[in-house]
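Owing to the predicted nature of the structure, the values given are computational and were not obtained by experimental measurement. Start at 1 with the first residue, then count along the sequence.
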Amino acid sequence: MTLTPFQGKIGKTYKESTSDWQGPVAAPSGAPNVVIILLDDVGFGQTSTFGGLIPTPSLDKLAAEGLKYNRFHTTAICGPSRAALLTGRNHHECGNGFLMEWATGFPNYSTMLPRSTATIAEVLKGNGYNTWWFGKNHNTPDWETTVAGPFDRWPTGMGFEYFYGFNAGETHQYYPVIFENTVPVEPSQTPEEGYHFMTDMTDRAISRMKLAKSVAPNKPFFMYFAPGAMHAPHHVTAQWREKFKGQFDMGWEKYREQVFQNQLDRGIIPPGTKLTPRPDWVPAWESLSDKQKRVYAALFENFAGYFAFTDHEVGRLLDSIKLLPDADNTLVIYIVGDNGASAEGGPDGTLNEIRNLNGLPTDLDDVIANLGKLGGPESEPHYPLGWAWAGNTPFQWVKQIASHLGGTRNPMVVSWPAKIKPDSQPRDAFLHLVDVVPTILEAVDIPMPDKVNGIEQKPLAGESFLASFDDPSYLGRTDQYFEIFSNRSFYRDGWKANAQHTQPWRQDLAPGNWENDRWELYHLDEDFSESNDLASSEPDKLEELKKAFDQTAERRSVYPLDDRGAGRLAIPKPPVPGADENVSTYTYFPGATRIAEPAAPPMKNRSWTLVADVSADGDATEGVVMGFGGVAAGMVLYLDAGVPVFDYNYFEEHTVVKSNQALPSGESTLEVDFDYAGGGAGKGATITLKVDGREVGRQSMGATVGGRFGIDTFGIGEDSGQPVTDAYQPPFKFNGEIEKVTIKIKPSS
């Protein structure tokens, strides 16, 4: 902590001396509280505030008290967007060119945020602010999220004094993987008792804010409030979902038409804007079967219910802010999505979106058979890609597609009662996430330091848009590049060149051949929705922008381009810092829980043996010995009334190997031999279960998980969070004794 200079006098004794208490640096006089609210996976045309058909009264109310922005931009994917938001630098410049799960060993794609790109929290904390982070953290590499650390890339190592949330791209809302600061904690209730993480994190944020203002009412705070909503899994109770029963039966084309008209009528988009046509990758709603319509509508009703519930919870936070003694001097920046609506649910949607992210299609009949689970703890739902296209009205494309506005343009609302006069007409300045940090610094009256914690800082890439609070004619940025998954674009002075490359629902596809990508050209000053491709009529302008993209990509550390999806997901990540990366034998003791998947033993796409030394009391012994993964996919070794059971959950297809008798009383050795077939990722295996060296069960399976089990973790002695199987209730702690569990990994084949 930086202290104020000593202003007293030092003599030989206290009689000749004058004391002066040193204290922490205070924030500038009149500095506001700052709250950033960032939703996840929201389309431009989903909220009622911006013409959508999902009621968001809390957002409506905030917008009526402040300003709406209709030309604000993100990176088209969550982790990179958050890195740009928090640092004020472009995502490649701060090591977050893509997501940690797809990280590679290039500095711009490692997701290892460098100290030379300090966060806004680090700057504000050093200038008299309390700093808090609630919700999603997708900027700490998950191989660094164990007890071994290091902790300098955790929120508490990046300037936040308090963190309550999850370290991943998403979390199960009923069984979240929660950390308080750097310590894993478990929910205080079960799903059956009404637990939901969205409510939990909101309660925590309100409590922290009220307590801080009770103790130190004059000390401003910076709160980063980042729910997992609206990212899949879309978890919500039937009470919220049923409010939307039948409301989307008209289908996605009619949805777009209604939203487009709302946007025009309310001035969200300028007169003359055209509604972009339905692309060939979205089927016409009327071409669908009754079965498809039923499932697709139900999945979007569930999403809408989740959104309405989220708006309600954010509304509780906003209402609590109004009760603060300095409520009027609170700057709220509400960014409605870190990218556009997500098509990662695939053509049919899914009840198991982790399966989709592993590059495996979902069978519609399987969805129908399990539709009763929709929104509940046993589901991980996501709607089909047609609703993502509709959600991004009036634009083309979706999340991940950084080349087009459907991936990168998100609504923003800003409120600051002490400084902002409400205006119903949207501000149309061209803005980007990198502009938020400079705006906060100007609002607080703090310059960006050249050094933070002794480290020379990279220059900010953004520019303050504080002037737009008073000046509706403020134009914003003159240029900006975009790149995600090789989908790329460059904007300059009203013109935008786009090259779309990959498809979000095809993680198994890496097109290559970047030189064959077709570039499009749009004059956004006259074409708000990117509806009129001018590439053929303005070839010189297109070449100018393509060249500018290449020059900027070189300067901003964008290269090398990488379009691999599931292939990059399967690349082994760095070992836990301090571990032996050449180790083939892992030994764990009881209490080793909440270990992120990349930091756990590499038990996919290869053979392995697990040996557990346990003490049991016959059929009185029960509980999990080793659990890895959860509802979507995973595996678990447990005892049921003393009987050893191994269950491999392959996207809800369970291969179960079970003994026919309980362990004897006393010491025993449990062994699982996993004989992988080889020949590539995701192939089959034979599983043999042994007790004291004697085979007690054997099963074969035709396919295994080749990428990731999902969003849950590895642990010994309990199945924290999501259960791998519904045969028990988590955490199902082992009630015998575990001496140790040893996992030996065999060379890949």
Rounding to 0.5 Å, atoms CG (N498) and CG (L521) come to a distance of 8.5 Å
Applied to residues 565-575, the side chain to side chain donor-acceptor pair (under 3.5 Å) test, sequence neighbours excluded, yields none
- request: Show the numbers, then the answer: is there a ring pair (Phe, Tyr, Trp, His ring centres under 6.0 Å) between F430 and H73?
  value: CA-CA 8 Å; F430 192 99; H73 298 84; 4.0 Å; yes
With sequence neighbours left out, the residues meeting salt bridge (Lys or Arg N to Asp or Glu O under 4.0 Å) with K274 are none
Should the ring pair F98 and W102 be called parallel, tilted or perpendicular, given that the plane angle runs from 0 to 90° and is split at 30 and 60?
perpendicular
Applying side-chain hydrogen bond (donor to acceptor under 3.5 Å, both in side chains) to R555 and not counting sequence neighbours gives none
Residues passing the salt bridge (Lys or Arg N to Asp or Glu O under 4.0 Å) test with E463, sequence neighbours excluded, are none
Mind running side chain to side chain donor-acceptor pair (under 3.5 Å) on Y559 and D550 for me, showing each step along the way?
CA-CA 9 Å; Y559 295 135; D550 182 61; 2.7 Å; yes
Tested for side chain to side chain donor-acceptor pair (under 3.5 Å) against H138, the lone hit among H231, R82, E101 is E101
For E483, the salt bridge (Lys or Arg N to Asp or Glu O under 4.0 Å) test, sequence neighbours excluded, returns none
Residue set satisfying ring pair (Phe, Tyr, Trp, His ring centres under 6.0 Å) with F709, at least two apart, ordered chain then number -> F628
Just checking, R564 and F485: is the charged tip under 6.0 Å from the six-membered ring centre and within 45° of the axis? no
Exactly one of N137, T145, T713 clears side chain to side chain donor-acceptor pair (under 3.5 Å) with N167, and that residue is N137
Do K496's NZ or CZ and the ring of F482 fall within the cation-pi criteria of under 6.0 Å and 45°?
yes
Of Y296, F300, F303, the one forming a ring pair (Phe, Tyr, Trp, His ring centres under 6.0 Å) with W387 is F300
